[in-house]
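Shown next, in structure tokens, is the structure this report addresses.
If you're wondering where the values come from, they're calculated on a predicted model, not measured in any experiment. Just so it is clear: chains get the letters A, B, ... in the order the sequence lines come, proteins before strands, and each one is counted from 1.
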Number of protein chains: 2
Amino acid sequence: MIIEIDFNSDEAIYIQLRNQIIVEIAAARLHEGDTLPSVRQLAETIGINMHTVNKAYSVLKQEGFVSIDRRKGAVVAIDPNKVIAMEEMKDELRVALAKGCCRNISKADVHALVDEIFEEYQYQ
Amino acid sequence: MIIEIDFNSDEAIYIQLRNQIIVEIAAARLHEGDTLPSVRQLAETIGINMHTVNKAYSVLKQEGFVSIDRRKGAVVAIDPNKVIAMEEMKDELRVALAKGCCRNISKADVHALVDEIFEEYQYQ
DNA sequence: CTTTCTGTTATACTGTAACTATAACAGATA
DNA sequence: TATCTGTTATAGTTACAGTATAACAGAAAG
């Protein structure tokens, strides 16, 4: 698993970490049952503090993407809840699409963009 | 223009304000050339500090949604730059779709969601 | 010209969140 | 026993959000 943190980003490190792990799962580079590196190990690899990794893992656990196994550590385990996910996504999409809409990005443009992104994601 | 601020949200007030104004524009409830309330007036209406409104307006100016006219104040003025907007949107969509994808939300589901949101937006 | 609106800028303070730094504890594994 | 794991606690720094005044300059209206 390759993690790239942008230390100049205005996005918090633990959020970048969470996002990238979610993308890894969606892209099927991480699979159900895979173990994530230990918090100490990943922290050292990236060059950040253990607690920052721990926070990312905690968020992923709370959001239902991993479960914590005392023996193995953090394990990819998706808790699917389509209904809630749809509502969440709609809220997130609403602002992003508004910005595009003001810039004359058409519905067709967005559909094409969605298709492009789905090309990267093999999770089924 | 109706603004609803959630003071319990983890989203900054000036970001909520910015987002709602962008949505208002996309939904054609605010049009090119419309003036926004003065920073002092809107701050009083919402019950927040002038500088928080000022920050939202500054962000909107920097992002090319309004321009500041000394005589009229903040005026809706879209600076369309489709290419940059497409790349920005793709980055924003990538994480949102990854989350959905893990929850077995299909490409068709997302397309339907996009259509729903576009129903709200009349800006052309 | 004066008053009053506008945006803009500067300064200072509080509160909170992000991040780091140690440290310690308990369970699992070799 | 030694070493790995997650978990928790505490403390410190840094940065940002938000508030509070204050002042300045340009524009508009009296």
Side-chain angles (χ1 to χ4, degrees), chain A residues 1 3-22 30 33-77 79 95, chain B residues 1 3-22 30 32-79 95:
Chain A
M1 190 178 58
I3 299 292
E4 294 281 347
I5 300 297
D6 176 5
F7 292 99
N8 295 318
S9 170
D10 56 344
E11 208 165 33
I13 296 173
Y14 79 97
I15 295 290
Q16 292 185 51
L17 197 45
R18 178 201 69 153
N19 287 348
Q20 288 188 35
I21 289 170
I22 292 174
L30 277 176
D34 284 357
T35 56
L36 299 179
S38 77
V39 289
R40 287 173 176 84
Q41 188 184 321
L42 186 53
E44 196 182 8
T45 303
I46 300 175
I48 58 175
N49 192 275
M50 178 197 74
H51 290 97
T52 308
V53 178
N54 197 48
K55 182 155 189 180
Y57 283 9
S58 297
V59 171
L60 285 166
K61 182 171 113 183
Q62 204 206 331
E63 294 179 337
F65 290 102
V66 307
S67 68
I68 309 290
D69 185 322
R70 264 213 171 270
R71 292 167 298 174
K72 299 195 229 165
V75 178
V76 177
D79 173 25
V95 176
Chain B
M1 189 179 57
I3 298 292
E4 295 280 348
I5 300 296
D6 176 5
F7 291 99
N8 295 319
S9 171
D10 56 345
E11 209 164 34
I13 296 174
Y14 79 97
I15 296 289
Q16 292 185 50
L17 197 45
R18 180 201 67 153
N19 287 347
Q20 288 187 37
I21 289 170
I22 292 174
L30 277 176
E32 186 92 12
D34 284 358
T35 55
L36 299 178
S38 76
V39 288
R40 288 173 176 84
Q41 187 185 321
L42 185 53
E44 196 182 9
T45 304
I46 300 175
I48 59 175
N49 192 276
M50 178 197 73
H51 290 97
T52 307
V53 178
N54 197 47
K55 183 155 187 180
Y57 283 9
S58 297
V59 171
L60 286 166
K61 180 171 113 184
Q62 204 208 332
E63 293 179 336
F65 290 101
V66 306
S67 67
I68 309 291
D69 186 323
R70 265 216 169 269
R71 292 167 299 176
K72 299 194 228 166
V75 179
V76 177
I78 310 295
D79 172 25
V95 176

Rounded to whole Å, CG of B:Asn54 lies from P of D:dA20 at a distance of 16 Å

What one should report as the nearest heavy-atom pair of A:Lys61 and A:Ile68 is CD-CG1, 3.1 Å

Counting only heavy atoms from other residues, nucleotides and ligands, does the tally under 6.0 Å from CD of A:Glu11 exceed 12?
yes

Between CZ of A:Arg18 and P of C:dC19 the distance, given in whole Å, is 13 Å

Exercise. Would you say a side-chain N or O of A:Ser38 is under 4.0 Å from OP1 or OP2 of D:dT5?
Worked result: yes

- Can a side chain N or O of A:Thr52 be found less than 4.0 Å away from OP1 or OP2 on C:dA18? no

For residues 43-53 of chain B, which side-chain N or O atoms pair as donor and acceptor with protein atoms under 3.5 Å away, sequence neighbours left out?
| from | atom 1 | to | atom 2 | distance (Å) |
| --- | --- | --- | --- | --- |
| B:Thr45 | OG1 | B:Gln41 | O | 2.9 |
| B:Asn49 | OD1 | B:His51 | N | 2.9 |
| B:Asn49 | OD1 | B:His51 | ND1 | 3.0 |

The single option from B:Ile5, B:Val59, B:Asn54, B:Asn19 that satisfies side chain to side chain contact (heavy atoms under 4.5 Å, CB included) with B:Tyr14 is B:Val59

- prompt: Any side-chain heavy atom of B:Ile21 sitting closer than 4.5 Å to one from B:Phe65?
  reply: no

Closest of C:dT6, C:dT9, C:dT20 to the B:Gln41 side chain is C:dT6

Quick tally for nucleotides 21-30 of chain D: nucleotides whose base has a protein heavy atom under 4.0 Å get B, sugar-phosphate-only ones S, the rest -, giving BBB-BSSS--

In whole angstroms, the gap separating C1' of D:dT5 from CD of A:Glu44 amounts to 15 Å

A:Ile46 atom CD1 is separated from C:dC19 atom P, nearest whole Å, by 12 Å

Under a 4.0 Å heavy-atom cutoff, the residues of residues 5-17 of chain B touching DNA chain C are none

Contacts of B:Asp79 meeting side-chain contact (heavy atoms from CB on, under 4.5 Å) (sequence neighbours excluded), chain-then-number -> none

So CG of A:Leu42 and CG of A:Leu36: to nearest 0.5 Å the spacing works out to 8.0 Å

With sequence neighbours left out, the residues meeting side-chain contact (heavy atoms from CB on, under 4.5 Å) with A:Glu4 are A:Ile2, A:Gln20

Is the phosphate of C:dG7 approached by B:Lys55 (side-chain N or O, under 4.0 Å from OP1 or OP2)?
no

Sorted by chain and residue number, the side-chain contact (heavy atoms from CB on, under 4.5 Å) partners of B:Asn8 (sequence neighbours excluded) come out as B:Asp6

